[in-house]
Amino acid sequence: MIIEIATLFPEMFKGPFTESIIKRAVESQYVEFKFHNPRDFSTDKHKKVDDYPFGGEAGMVMTPQPLADMINHLTSKEAFDAIIFMTPDGARLDQRMVNSFSHFNRILILNGHYKGIDQRIRDKYVTHEVSIGDYVISGGELATAVFCDALVRIIPGVLGDSSSALTDSFQDGLLAPPVYTRPASFRGMSVPEVLRSGNFGEIDQWKLEKALEKTKIRRPDLLNPSKK
Ligand code: 6GU
């Protein structure tokens with residue numbers, strides 16, 4: 001998968017993309033990231049990329065020219081399966097959406113800053129608008145890092161144990177059951193006997209019961225998807 005990211009702040013991706021799972025996925029060529037800075041496409045003599053909003057609101061808006069020229073430049077060289085704009089007014093990201101995006105080969109993710117990007121860019125070029133939840137953060141970059149992490153970890157082969165992405169919370173529509181490791185007894189607290197029984201039928205049954213119990217209490221909406 002090739003993920004191209006348009007951002008005024010490429011440095012913001014350094015930490016998240018150069019450690020742990022994503023780092024290994026890049027090294028093993030499961031995923032390739034390419035960065036593009038809209039500022040490099042600005043025809044303004046001061047390389048300006050933002051301006052005051054029409055209609056008088058607080059904050060600045062990213063101007064259409066650098067973004068349009070950047071997108072035209074990129075799409076003239078490669079075909080993208082999706083051009084995604086990260087924005088708090090987008091569709092709220094969930095595991096099902098992550099799974100569906102994971103089938104794409106090449107995507108372009110646009111990051112807005114300030115008050116966002118000129119609506120005409122959204123109308124003309126953007127195919128999907130994604131939010132990572134009902135709260136506001138200061139720009140698209142951290143949301144893009146979250147989205148990319150969620151995408152990369154489910155690429156087959158990326159996680160060492162090939163089944164472990166399937167047992168995550170949400171992957172089967174339930175929250176994950178509790179997990180334990182050694183020692184079997186820690187400061188008077190012991191691991192549930194069934195997990196040490198070696199009876200995998202009973203273990204699976206126990207995990208399902210615990211997952212259902214937790215989901216019922218914390219996220220009953222997941223058990224009634226029609227009401228979401
Ligand atoms: Cl994608 N961007 C910003 N700025 N805030 C958000 C978001 C995105 N998703 C949730 N909050």
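Counting from 1, the numbers follow the sequence of the chain as shown. Read the numbers this way: they start at 1 and go in the same order the structure lists the ligands and their atoms. Remember, it's a predicted structure, so these values are computed and weren't measured experimentally.
- Heavy atoms of L142 stay at 4.0 angstrom or farther from ligand 1.
- Among I107, L108, I2, the single residue meeting the side-chain contact (heavy atoms from CB on, under 4.5 Å) criterion with F80 is L108.
- Of the candidates V136, T144, I137, the one placing a heavy atom closest to atom 4 (N) of ligand 1 is I137.
- A donor-acceptor contact shorter than 3.5 Å is absent between the side chain of S42 and the backbone of R39.
- Considering each of S138, G139, P88, the one bringing a non-hydrogen atom nearest atom 7 (C) of ligand 1 is P88.
- In this structure, the side chain of S131 does not engage the main chain of D89 through any donor-acceptor pair within 3.5 Å.
- Distance alone, capped at 3.5 Å, is enough to place a donor-acceptor pair between the N111 side chain and the E141 backbone.
- Rounding to the nearest 0.5 angstrom, the gap separating the CZ atom in F17 from the CD1 atom in I22 is 5.0 Å.
- Set against the non-hydrogen atoms of I132, the atoms of ligand 1 under 4.0 Å away are 9 (N), 10 (C).
- A donor-acceptor contact shorter than 3.5 Å links the side chain of N72 to the backbone of A68.
- Proximity to V130 (heavy-atom distance under 4.0 Å) selects the following atoms of ligand 1: 1 (Cl).
- Side chain of T127 to backbone of I83: a donor-acceptor contact under 3.5 angstrom is found.
- Proximity of D134 to ligand 1, defined as any heavy-atom pair under 4.0 Å, is not found for any part of the residue.
- Taking any N or O of G140, backbone or side chain, none lies under 3.5 Å from an N or O belonging to ligand 1.
- Put simply, the side chain of D118 never gets that close to the backbone of T63: no donor and acceptor are under 3.5 Å apart.
- Ranking the protein heavy atoms by distance from atom 1 (Cl) of ligand 1 puts T87 N, 3.1 Å first.
- Residue-to-ligand polar distances place Y135 within reach of ligand 1: an N/O pair is separated by less than 3.5 Å.
- Ligand 1 has no N or O atom lying under 3.5 Å from any N or O atom of A143, backbone or side chain.
- From the protein, the heavy atom lying nearest to atom 10 (C) of ligand 1 is G133 O, 3.1 Å.
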